[in-house]
Amino acid sequence: MSEDFPKNAEEARLDRDTTREELTETLAALGQKLDVKARVKENVDEKLDQATAKVAGVTNEPTAVKFRQGADAVRANPVPVFAGVLGLLILIRLILRRRNS
């Protein structure tokens, strides 16, 4: 973008179009940075990829695939999984309390 005032209408149009493109790119970049949900999803996907690679390194490939499928199932249905884990923790707590009595 030139620092000088446009000398004719064509330069003004070119300057306007360039400014619009720069603003569009800037707004798109800001929108991406402010989209927290998408950034969290990308971060979780990255961490799952790393965990799957570690599982594949320790075990065989089918086990790593099953691990990834399980992780994806948990992400798709977090409430039932959370309820199941909570129920299991309550059951363990009750068993431990009964043993200690």
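Computation of the quantities below employed the complete heavy-atom set of this structure, encompassing side-chain atoms and omitting hydrogens, waters and symmetry-equivalent molecules.
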Please report the interatomic distance [atom1]([X]) to [atom2]([Y]), rounded to the nearest 0.5 Å.
X: Thr59; Y: Phe67; atom1: OG1; atom2: CZ; value: 9.5 Å
X: Leu27; Y: Glu25; atom1: CG; atom2: CD; value: 10.5 Å
X: Lys41; Y: Glu46; atom1: NZ; atom2: CD; value: 13.0 Å
X: Asp17; Y: Glu22; atom1: CG; atom2: CD; value: 11.5 Å

query = So with a 6.0 Å cut-off around CD of Gln32, is the heavy-atom count from everything else above 12?
reply =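 No.
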query = Can you get from Val74 to Leu86 by hopping between Ile, Leu, Val, Met, Phe, Trp and Tyr side chains that sit under 4.5 Å apart?
reply =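 They do not share one cluster, since no chain of ILVMFWY contacts under 4.5 Å joins Val74 to Leu86.
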inquiry  = Would a single hydrophobic cluster contain both Val44 and Val36, if residues Ile, Leu, Val, Met, Phe, Trp and Tyr are joined by side-chain heavy-atom contacts under 4.5 Å?
reply    =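 Hydrophobic grouping puts Val36 with Val44.
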ask   = Is the side chain of Glu11 donor-acceptor paired with the backbone N or O of Lys7 at a distance under 3.5 Å, no angle test?
value =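 Present.
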request  = Please list all pairs passing the side-chain hydrogen bond (donor to acceptor under 3.5 Å, both in side chains) test where one or both residues lie in residues 63-74, with sequence neighbours left out.
outcome  =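 For residues 63-74: Asp49-Arg68, Asn60-Thr63, Arg68-Asp72.
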request  = Hey, could you give me each pair passing salt bridge (Lys or Arg N to Asp or Glu O under 4.0 Å) that has a residue in residues 79-90? Not counting sequence neighbours.
outcome  =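 The answer is none; no pair qualifies.
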query = With a 4.0 Å cut-off, would you call Arg39 and Asp35 a salt bridge?
reply =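 The answer is no: the pair does not qualify as a salt bridge.
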query = Between Arg75 and Asp45, is the closest basic N to carboxylate O distance under 4.0 Å?
reply =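 Arg75 and Asp45: salt-bridged.
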key: Ile92: which of Ile95, Leu94, Leu88 passes side chain to side chain contact (heavy atoms under 4.5 Å, CB included)   =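 Among Ile95, Leu94, Leu88, the one meeting side chain to side chain contact (heavy atoms under 4.5 Å, CB included) with Ile92 is Leu88.
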key: Check against side chain to side chain contact (heavy atoms under 4.5 Å, CB included), Lys54 and Val58   = CA-CA 6 Å; Lys54 284 183 181 180; Val58 174; 5.6 Å; no
ask   = What closest approach, in Å, do Ala71 and Leu48 show between heavy atoms, and which atom pair accounts for it?
value =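 That closest heavy-atom pairing would be CB-CD2, 3.4 Å.
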ask   = After noting the C-alpha distance and the side-chain angles of Arg16 and Arg20, does the key distance pass the side chain to side chain contact (heavy atoms under 4.5 Å, CB included) rule?
value = CA-CA 6 Å; Arg16 177 199 65 199; Arg20 280 185 181 168; 3.8 Å; yes
